[in-house]
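Scroll down for the structure; my scribbles are underneath it.
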Amino acid sequence: MLQKPRGTRDFLPDEMEARRAVEWRLRDVARRWGYREVCTPEFEDLELFTMRSGEGIIGEMYVFEDKGGRKLALRPEITAAVIRMYINEAKVAPKPLRWCYFADCFRYERPQKGRYRQFWQFGVELIGADTAIADAEVIMLAADMLNATGVRYELKVGHLSFVKNLLKDVEPALQRTIRAQLDKKDFEGLKATLDGMNRPELAESLMTIVSCQDLKKAFEIAGDIPERERIEQTMGYLDAAGVRYSLNLGIARGLDYYTGIVFEGFADNLGAENQILGGGVYRLAHLFGGDDVASCGFAIGFDRVMVSLGETARTKETVAAIVCTDEGRTRALAVARAFRDAGIRTEMDLMGRGFGAQLGHAAKSATFAVIIGQREAASGEVTLKNLQSGEQKTITLEAALAEVGAVGSRG
RNA sequence: GCCAGGGUAGGGUAGUCUGGUUAUCCUAAGGGGCUGUGGAUCCCUCGACCCGGGUUCAAAUCUCGGCCCUGGCCCCA
């Protein structure tokens, strides 16, 4: 039998409905903050991704050549594409731009829990607002969106300047090693690295600062940071808004284009792959030939959110099943039409089942049976049977529509 | 790329150690008993040993390779 490609998934209707429900909650929050949805191509020039991350990531992407010999890649993430689109299409639009997207991405990696080769991200990019309140807005939105999904999580907020300032006279290659060790809280490795440099006092400062929960103290340790006022303002807005977060100045993020505030969200109940959100302030546009506009954004790992939410009991949608006899079938089609026009999910027998069998099938799949036999066809009424309670009554079509519709609106 | 455990009808499973009848059971699905009242029950039907090589008179079972799944490591834009 033909199998689906490694790391991909099929979604049956139950799961699809659950995913769409969460997707729409996210979209609705974004909409209320003024973030409008955009869409970029599923594949892009390979160069778009290598310019930003180096040739090294080719091994982790789906790369292919098209019939014209162009080197292309399935998008491994969306931020780069959104910034490319901004430069191509919207450079002169009034700032700031508030954009969001929900789209699938592809990475050639070893699948495991919460990690698939095709996965979905819900992301947000705020382009062209380089202020403390802009940073705060994006983080507040991140918290709002995660809250809307119902996932249990921890939000960590940091800023790259602290560690950067402490490491300003360290050579770049070593800086990178140290930042990775701080991000992983690998203090053993960190000590070894710094002992090799003969800078034990630096190890002390770094280890203190990554676990520091007090912003004032962090500034004392890190020394004179030019962004101090903006950081204090941003955190002040978050505190005033009651955003639940913890300070974590060790967050490194994977890429060099982040320049300021960075933040990450972690689900409480996932295993190794528990990061469900990541973002920060970055400058990327100049890489693609645009202006050096500042942006702030994040992406939510949608599939991990769904894994974290687990099997949630779904409220079954109200379904009306039209049950008819041969004599009632023409009338039944008209009744079905009326139900569908009223927005009610309505199904008719297609299997040539007898009356009893139709009702039997309806009992398994529907909330109401709408019975149209010879008598109803003649009178123009319908018999509405509530399949949970067993009650039934013969009433006008309008009354039946009203009754089923009322249940539907209660969900 | 590395480590561990797995793969038997649509779903869930027994059988594998110790090779040997028509591969077990539950469920789902389709039909019938039942052409105006359903979920019960009874009967019938459909439907599987992941793929390939090896050993053997004989392989779901032993063996080798591959593919895929689950979890962990690495990585994580």
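First the proteins, then the strands, lettered A, B, ... as listed; each starts at 1.
Sequence neighbours left out, not one pair with a member in residues 354-388 of chain A passes ring pair (Phe, Tyr, Trp, His ring centres under 6.0 Å). Every pair passing ring pair (Phe, Tyr, Trp, His ring centres under 6.0 Å) that includes a residue from residues 143-163 of chain A is listed here, sequence neighbours excluded: Phe162(A)-Phe219(A).
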Scan nucleotides 37-39 of chain B against the protein and return all N/O pairs shorter than 3.5 Å with their distances rounded to 0.1 Å.
| unit_1 | atom_1 | unit_2 | atom_2 | d |
| --- | --- | --- | --- | --- |
| rU37(B) | O2 | Lys385(A) | NZ | 3.1 |
| rU37(B) | O2 | Gln392(A) | OE1 | 3.1 |
| rU37(B) | N3 | Gln392(A) | OE1 | 2.9 |
| rU37(B) | N3 | Gln392(A) | NE2 | 3.2 |
| rU37(B) | O4 | Gln392(A) | NE2 | 3.1 |
| rG38(B) | N1 | Leu387(A) | O | 2.9 |
| rG38(B) | N2 | Leu387(A) | O | 3.2 |
| rG39(B) | O6 | Leu387(A) | O | 2.8 |
| rG39(B) | N2 | Ala363(A) | O | 3.1 |

Could you go over nucleotides 72-74 of chain B and give all protein N or O partners under 3.5 Å, atom names and distances?
| unit_1 | atom_1 | unit_2 | atom_2 | d |
| --- | --- | --- | --- | --- |
| rG72(B) | OP1 | Ala272(A) | N | 3.0 |
| rC74(B) | N4 | Gln112(A) | NE2 | 3.0 |
| rC74(B) | N4 | Arg115(A) | NH1 | 3.3 |

Could you run down the sub-3.5 Å N/O contacts of the protein with nucleotides 40-46 of chain B?
none

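Taking CD from Glu23(A) and CZ from Arg20(A), the interatomic distance works out to 4.5 Å, rounded to the nearest 0.5 Å. Rounding to the nearest 0.5 Å places CD1 of Ile209(A) at 5.0 Å from CG of Leu166(A).
Residue-level contact check: Glu109(A) touches the bases, meaning some heavy atom is under 4.0 Å from a base atom. Residue contacts shown for Gly354(A) are absent, as no nucleic acid heavy atom lies under 4.0 Å away. As judged by a 4.0 angstrom heavy-atom cut-off over every strand, Arg353(A) is placed among residues touching the sugar-phosphate backbone only. Using a 4.0 Å heavy-atom distance criterion, Gly7(A) is classed as a sugar-phosphate-only contact.
Atom P of nucleotide rC75(B) and atom CD of Gln275(A) are separated by 14 Å, given to the nearest angstrom. Taking atom CD1 on Ile322(A) and atom P on rG36(B), their separation rounds to 19 Å, with Å as the unit. In this structure, the CD atom of Glu77(A) is 20 Å from the P atom of rC75(B), given to the nearest Å. As a whole-Å value, the separation of Met61(A) CE from rA77(B) P is 14 Å. The distance from atom CG of Asp10(A) to atom P of rG10(B) is 14 Å, rounded to the nearest whole Å. Rounding to whole angstrom units, CD1 of residue Ile276(A) and P of rA77(B) are separated by 15 Å. In this structure, the CD atom of Gln181(A) is 11 Å from the P atom of rC75(B), given to the nearest Å. Counting to the nearest Å, the C1' atom of rC76(B) and the CD atom of Gln118(A) are 18 Å from each other.
Contacts of Glu327(A) classified as salt bridge (charged side-chain N to carboxylate O under 4.0 Å, His left out), with partners at least two apart in sequence or in another chain: none. Residues forming a salt bridge (charged side-chain N to carboxylate O under 4.0 Å, His left out) with Glu232(A) (at least two apart in sequence, or on another chain): Arg228(A). Taking Arg75(A) as the reference, Glu42(A), Asp104(A) meet the salt bridge (charged side-chain N to carboxylate O under 4.0 Å, His left out) condition, with sequence neighbours excluded. Residues that satisfy the side-chain hydrogen bond (donor to acceptor under 3.5 Å, both in side chains) test with Lys71(A), not counting sequence neighbours, are Glu65(A). Residues forming a salt bridge (charged side-chain N to carboxylate O under 4.0 Å, His left out) with Arg110(A) (at least two apart in sequence, or on another chain): none.
RNA chain B is contacted by both Thr8(A) and Phe49(A); Thr8(A) maps to the nucleotide lying nearer its 5′ end (nearest heavy atom per residue). Summary of the strand contacts: Gln374(A) and Ala357(A) both lie near RNA chain B, and taking for each the nucleotide with the nearest heavy atom, the more 5' one is attributed to Ala357(A).
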Acceptor/donor pairs from residues 328-335 of chain A side chains to any protein atom, 3.5 angstrom cut, sequence neighbours excluded:
| unit_1 | atom_1 | unit_2 | atom_2 | d |
| --- | --- | --- | --- | --- |
| Arg329(A) | NH1 | Asp326(A) | OD1 | 3.0 |
| Arg329(A) | NH2 | Asp326(A) | OD1 | 3.3 |
| Arg331(A) | NH2 | Gly380(A) | O | 3.0 |

When the side chains of residues 123-144 of chain A are checked against the rest of the protein, which donor-acceptor pairs come out under 3.5 Å, sequence neighbours left out?
| unit_1 | atom_1 | unit_2 | atom_2 | d |
| --- | --- | --- | --- | --- |
| Glu125(A) | OE1 | Tyr282(A) | OH | 2.5 |
| Glu125(A) | OE2 | Thr79(A) | OG1 | 2.9 |
| Asp130(A) | OD1 | Arg230(A) | NH1 | 2.6 |
| Asp130(A) | OD1 | Arg230(A) | NH2 | 3.1 |
| Asp130(A) | OD2 | Arg283(A) | NH2 | 2.9 |
| Thr131(A) | OG1 | Ala134(A) | N | 3.1 |
| Asp135(A) | OD1 | Arg230(A) | NH2 | 3.0 |
| Asp135(A) | OD2 | Arg230(A) | NE | 3.0 |
| Asp135(A) | OD2 | Arg230(A) | NH2 | 2.9 |
| Glu137(A) | OE1 | Arg98(A) | NH2 | 3.4 |
| Glu137(A) | OE2 | Tyr35(A) | OH | 2.7 |
| Glu137(A) | OE2 | Arg98(A) | NE | 2.7 |
| Glu137(A) | OE2 | Arg98(A) | NH2 | 3.4 |
| Asp144(A) | OD2 | Trp33(A) | NE1 | 2.9 |

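The nucleotide rU61(B) finds no pairing partner, because no Watson-Crick or G-U wobble arrangement with both distances shorter than 3.5 Å includes it. Partner assigned to rG1(B) is rC73(B), using Watson-Crick or G-U wobble distances below 3.5 angstrom. Across the strands present, rA29(B) finds its partner in rU45(B); the criterion is a Watson-Crick or G-U wobble pair with both atom distances under 3.5 angstrom. With a cut-off of 3.5 Å on both Watson-Crick or G-U wobble distances, the partner of rG36(B) is given as none.
Comparing the P positions of rC25(B) and rG31(B) gives a spacing of 24 Å, expressed to the nearest Å. rG19(B) sits 12 Å from rU63(B) when the P atoms are compared, rounded to a whole Å. For the P atom pair drawn from rA14(B) and rU56(B), the interatomic distance equals 32 Å after rounding to whole Å. Remark: the separation of the C1' atoms in rA48(B) and rU27(B) is 15 Å, to the nearest Å. Nucleotides rG20(B) and rG33(B) are separated by 41 Å at their C1' atoms, to the nearest Å. Rounded to whole Å, the P atom of rU45(B) lies 49 Å from the corresponding atom of rC3(B). The P atoms of rC50(B) and rG6(B) are separated by 14 Å, rounded to the nearest whole Å. The P atoms of rG52(B) and rC44(B) are separated by 34 Å, rounded to the nearest whole Å.
Two residues are said to be in side-chain contact when any heavy atoms from C-beta on lie closer than 4.5 Å; Arg152(A) and Asn269(A) fail this criterion.
Under a 3.5 Å cut-off, the side chain of Asn147(A) and the backbone N or O of Gly150(A) do not form any donor-acceptor pair.
Environment of CD in Gln374(A): sparse, with no more than 12 heavy atoms of neighbouring residues, nucleotides or ligands closer than 6.0 Å.
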